[in-house]
Amino acid sequence: MRNKFLYFFLACSLLLTGCWDQVQLNQTKLIKAGGFDYTKKGKVRTIAAIPQVQPGSREEGKEISQVFEATGNTARQSRHNLDRRIAERVDASKNLIIVLGKEAAKKDIYSILDVFYRDPKSALNAKLAVSSKKASDVVSMKFQEPNIATGNLGEYLYDLIASAEDASHVPEVSIQTICPVMFDPGQDFALPYFEPLEKELNVSGVALFHNHVFAGTIKGPKSILFNLLNATQSSKSISTTRKLPNAKGDGPAKSVTLIVKKAKRKLKVSVKPDNSVSAKIDLNLTISIGEFPSKHTTDKKGLKLVESQLNEVLTKEAGEIIKTLQGFNSDTFGIGRQLIAFHNDTWQAIDKKNYFKKVDFNTNVTVKIMNFGIIE
Amino acid sequence: MTQFKKPKPLVSEEQQKASSSQEEETRRTALTTQTSTKAVMTLEERETQLSSIFHKSSDLNFKYISFDKWARRLLFVNLETSSDVKLVQEQIINPLFELGETITPDTFHLIIEAETTIEAEFNTASGLLLDGKTLIFIEGYDVFYAASTAATYKRDIVEPTNERVIRGAHDGFIEDLTTNITMLRKRIKSPKLVVKYFTVGKETHSKGAIIYMEGIANQEIVQKVEHRISCIDSDSVLTPGNIIESIEDHPYSPFPQIMDTERPDRAAGNLMEGRIVVMSALSPMASIMPANFFSFYQSSDDYNTRWLLGSFFRFIRIFSFFTALGFPAVYIAVVSYHFEVIPSGMVLAIKSSLENIPYPPLIEAMIMELTIELIREASIRLPSPIGQTIAIVGGLVIGDAVVSAGLVSNMMIIVVAITAISAYIVPSSEMSEAVRIIRFPLMVLAGTLGFIGIVIGFMVLFIHLTKLTSFGTPFFSPVAPLRMQNLRDTFIRLPFWKLNQRPLDAKPQKLRQENRSRKWEEEEDEE
């Protein structure tokens, strides 16, 4: 009997622990988009877009995105300072995107991201992007699309990147996926690159990184080929347009839009006894023609001609891309990783910082037309 | 009860006259010699004694009758509230007057149309009266006659309202033991079906029956049931609930260990699985024991639909156990601790509905759950025309007004509604009540400890379920202890011809219940 009372009181004490660690949803402010810049004094400035729901309203779409800013010596300190300016607790666990200002990205971005890898509640699946101006320009932007002007900015930016990912303009990355690459001496990563225009945002290409530092960009249609070469393309719909050098006619008739149905990339790294590294990249594309205003599309001979011209154009472009990468010393292919794994002696011998610049590349793009429309 | 009419004596008047004087003499001597040591009570003495036994109850009816041709007076005694007055008149009084001239005490029971027995012990008189019999005392005789004139009333056999099925039999037990057992006998036409009557309650003398299949039901469990019932030592046993509470293994557990049903097909099915059915005389409830957790989730509908659908429904029901139990708890834990698990697209919608709620989610949930329970309780008690109104007032008006007043969030209404619906999916009402009760401690745990609290709650719950027994058999079988063979009729229902074995948890004497019902397939293949 005595024991029973004891158990009862022990069980009751469980309830007394109360609500000390409660994080109630209606008493938090959710950051949906965050941005980081450096002030002139070298402090970290955090910008956060927080959607506010108009209380009492039962209809949806009455969200207002509020933007707050705060500075601090570190990312976390700036967040604490941010919390002081905002009623209710600030929570970043539902964050969708982190935008890094160009200047911030040019310094060590790990010092900003460190906090995300330590907090168990942080949203590791949030997207990362680099802005061509300041991060605050993106996060506090007033957009042309009507709902977004007042609504959920984080979701808008997220969707913007997601659609660019689907089209293979940018590689699919999140805070979590870049972490191991960031610490890998033999590999680098690329992030989506934003260019804020007057009232819209343009995902113009990829931002290339060397180690933890932003090095340069690849913009426009080249970014698709960049993703194909890196095998980071999405499988949904890859469509890109190229001008054919020898096509007849003028204007649009000179261009062809190819829809990539199947892409296969082969990367072979070989090492010579004198520790010089060479890499051979073979990209085989099976495409269908999405648009080709010029007339000769149906006969086999004509198709062969298009194929060979595309091969020529794309191989040339691939070479340019690799030159750019080597210029930025951004080893997105992970050549160094291959060396560490398969040619460790060479890796030990070479210059670990600038090895990528010296790699001898041999790139070849082969196009095969599978389909050219629905009418024969 | 069925009345058997005694054929009227086909003896001619002369013969009767001749034999009567002789027989009367021998009979009287025979009867009086037994009690010759003590004096025979007069009719008046008997009247005073009987009325004192019944504490001068007004419905105890005494009637003195004397016939012209026969000097002895007769005393008719009955409880007018237990016996059928019309029956007394038609079957006893009328025949006696018709044959008034030749009446003798010996042919007495032959003349009366109602079933009559000769009783010698006056002590039994009160019991006989309570059974609705009419006692006939004859002046100068110690023995007396008891004629069955019990008033019977039965309602129609209708489908039990709380265990409806779409397909299958639509009859249900009623408040008459004999009729109920008839329904079972009709379904199981086997001499192995054993019925054992018992009487419990020192004052109420409630009758009941233990029913089981000899050769299938485990004898040990049968004896256990009999013994436990015989141990009931109470003045009144008015409902089968009293019996159940007295004989179940773990009275402090929230889970019912004995299954109630008002469906004869369900009772018969369980009898054939080797379980024991206990019925009370004036209740339509059949208590099935030993029960296991999953038998509460079986419905006769499962066996009347095709097995694929039956399995689907079964699965839905087991799923409903978890939603009814855990959905509000999970919701509370999510919005007050772990909102990072809400998908991004949903989080703002939930947040916006919660924004202006003045109290924590736990209190909010408690208020809504209690409101639902209030509405439920009210709609049971209220007469059906008003019940409709209450459903509208409760469901729509309260639900809508409470949200627009900003007291409870939209989300909470959705959660509570889904939970309430899930709780009613269980085919057995006691299990659904158990689930509804357990929900509250889980909600408190979720409100204080979050997901950890829910995990602790479910752990304690499943430890308890695993430990629970029903008449010494494991309650959570066939999951714990795991019996693969029996899982065929648990989360899913395999086709009838695959259910070869009876469930092991009732420890049946005969395990095999089905044997290649589709052997014709092989035969047809050979052709």
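All heavy atoms count here, side chains included; hydrogens, waters and symmetry mates do not. Letters go in sequence order (proteins before strands), and every chain restarts at 1. As the structure is a computational prediction, the values presented were derived from the model and not from experiment.
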Working to the nearest 0.5 Å, report the span between CG of D91(A) and CZ of F339(B). 3.5 Å

Check for a donor-acceptor pair, side chain of K121(A) on one end and backbone N or O of H338(B) on the other, with a separation under 3.5 Å. no

Hey, could you give me the OG/CD distance between S336(B) and Q24(A), rounded to the nearest 0.5 Å? 6.0 Å

The reported gap from CD in Q27(A) to CD1 in I357(B) (rounded to nearest 0.5 angstrom) is 11.5 Å

Which answer fits P360(B), side chain, backbone, both or neither, if we ask what part of it has an atom under 4.5 Å from a heavy atom of chain A? both

Side chains of P51(A) and K351(B), heavy atoms from C-beta outward: is any pair under 4.5 Å? no

For Y158(A), I'd like to know if atom OH has over 12 heavy atoms of other residues, nucleotides or ligands within 6.0 Å. no

Flag side-chain contact, heavy atom, 4.5 Å: K32(A) against L348(B): yes

For the CG atom on L374(B), are there more than 12 heavy atoms of other groups (residues, nucleotides or ligands in this structure) within a distance under 6.0 Å? yes

Considering only heavy atoms, which portion of L362(B) lies under 4.5 Å from any heavy atom of chain A: side chain, backbone, both, or neither? neither

For Y117(A), does the OH atom have more than 12 heavy-atom neighbours from other residues, nucleotides or ligands under 6.0 Å away? yes

Is there side-chain contact between V334(B) and L25(A), with heavy atoms separated by less than 4.5 Å? no

Please check: side-chain N/O of Q22(A) versus main-chain N/O of L449(B), any donor-acceptor pairing under 3.5 Å? no

More than 12 heavy atoms of other groups within 6.0 Å of K134(A) NZ: no

Dump the intermediate steps for side-chain contact (heavy atoms from CB on, under 4.5 Å) on Y337(B) and V23(A), then the final yes or no. CA-CA 5 Å; Y337(B) 289 93; V23(A) 193; 5.6 Å; no

Does the pair N356(B) and N26(A) meet the rule for a side-chain contact (heavy atoms from CB on, under 4.5 Å), with working shown? CA-CA 8 Å; N356(B) 271 7; N26(A) 55 353; over 6 Å; no

